[in-house]
Amino acid sequence: MGADGVGGSVGVARPAFRLASREPGQATSVVEIGGVAVGGGEVVVCAGPCSVETESQVLATARAVAAAGARLLRGGAFKPRTSPYEFSGLGEEGLRLLAKARAATGLPVVTEVMAPQQVGAVARYADCLQIGARNMQNYDLLREVGRVRLPVLLKRGLAATIQEWLMAAEYVLAGGNRQVVLCERGIRGFDSTHTRFTLDLNAVPVVKALSHLPVLVDPSHGTGRADLVPALARAAVAAGADGLLIEVHPDPARARSDAAQTLDFAAFDALMTGVRRVAAAVDRHVVRQDPAQATV
Ligand code: PEP
Ligand code: MN
């Protein structure tokens, strides 16, 4: 047992997280994001551009992903970028465009908040606050989102252990906010020759055994390659993910961030077809927006 109360070897870890852990027989918690239940029988797909760029870009994307069966709209207005010279988002104007897209489509909005002092502004527009991988251990930020009433999507840090990730969730829960959804988005492996990150699908059943919190999987960042995203999306659903986070853009080649991993509308539609089949095979379902066929 380490000083933090956590066992060091596989099979003997004793979690020191009190609120995130799953008690024997406890069901997965259902977290409502703008009325959409994450953690129930439905595989919830959250899709949209990496960055909000223009009104037409975000509206077109919101309409296309809604038509294909996405239930939540994603898009970054405040963007953490590896280089300070790259596009870092439209800021509050981006939040306004996301709100317009929500009004046009009914899709609740998931968007990143990068700093404790941004939480108030982002919470005025968003239905769910995303904590990005680079901020998973920003404890001031975790404490701040622990104080708000909105759900939080907590992405796994680039090199965070599952224990560290769940402990970050514990900060939000202990702060009084019980609406936490986890998101596996790939970790640093030794080989980045062919993929940007290594999508850790081990984490899905591990976290689902340890914690009652719902888990989304983000194969867009997890692979960094649009051609790999559909296969990993299907694998994530087969592994028990409660939903997916997928980057989609009207013209991926022109996306101002994460172009290489972003799907166009046709590819997203095809992804949804494959995901529906796998979901049915594991007794889950994906909503169809076509009212004539409510679910598969
Ligand atoms: C994103 O969702 O666009 C993003 C920046 O993700 P991550 O924090 O996982 O890199
Ligand atoms: Mn991105």
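Atoms within each ligand, like the ligands themselves, are counted from 1 in listed order. Keep in mind that the numbers below use all heavy atoms, side chains included, and drop hydrogens, waters and symmetry copies. We count residues from 1, following the sequence as given. These figures come from a predicted structure and were not determined experimentally.
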Worksheet item: Checking D127 side chain against V109 main chain: does a donor-acceptor pair fall under 3.5 Å?
Response: yes
Practice prompt. Indicate yes or no for a side-chain donor-acceptor contact from R74 to the backbone of P49 under 3.5 Å, with no hydrogens or angles considered.
Written response: yes
Worksheet, complete the sentence: Near C50 (heavy-atom distance under 4.0 Å), the atoms of ligand 1 are 3 (O)
Worksheet item: Can you tell me if K79 uses its side chain to pair, donor with acceptor, with the backbone of E86 under 3.5 Å?
Response: no
Worksheet item: Are R156 and ligand 1 in contact, using a heavy-atom cut-off of under 4.0 Å?
Response: no
Worksheet item: Of all the N, O or S atoms in E247, which one sits nearest to the Mn ion (ligand 2)?
Response: OE2
Worksheet entry | Ligand-side contact atoms (ligand 1) for residue partner A133, heavy atom cut-off under 4.0 Å | 7 (P), 8 (O), 9 (O)
Worksheet entry | Candidate list R196, R185, K155, test salt bridge (charged side-chain N to carboxylate O under 4.0 Å, His left out), partner D218, passing option | K155
Discussion item. Before moving on, can you tell me the angle at the Mn ion (ligand 2) between the NE2 atom of H221 and the OD2 atom of D258, to the nearest 10 degrees?
Written reply: 90°
Response to the item:
Here the atoms of ligand 1 under 4.0 Å from any heavy atom belonging to R134 are 7 (P), 8 (O), 10 (O)
Fill in: Enumerated ligand 1 atoms positioned under 4.0 Å from heavy atoms of R185
7 (P), 9 (O), 10 (O)
Worksheet item: Counting from 1, what ligand 1 atoms have a heavy atom of G132 closer than 4.0 Å?
Response: 8 (O)
Worksheet entry | Per-atom contacts of ligand 1 with K79, taking only distances under 4.0 Å to non-hydrogen atoms | 1 (C), 3 (O), 5 (C)
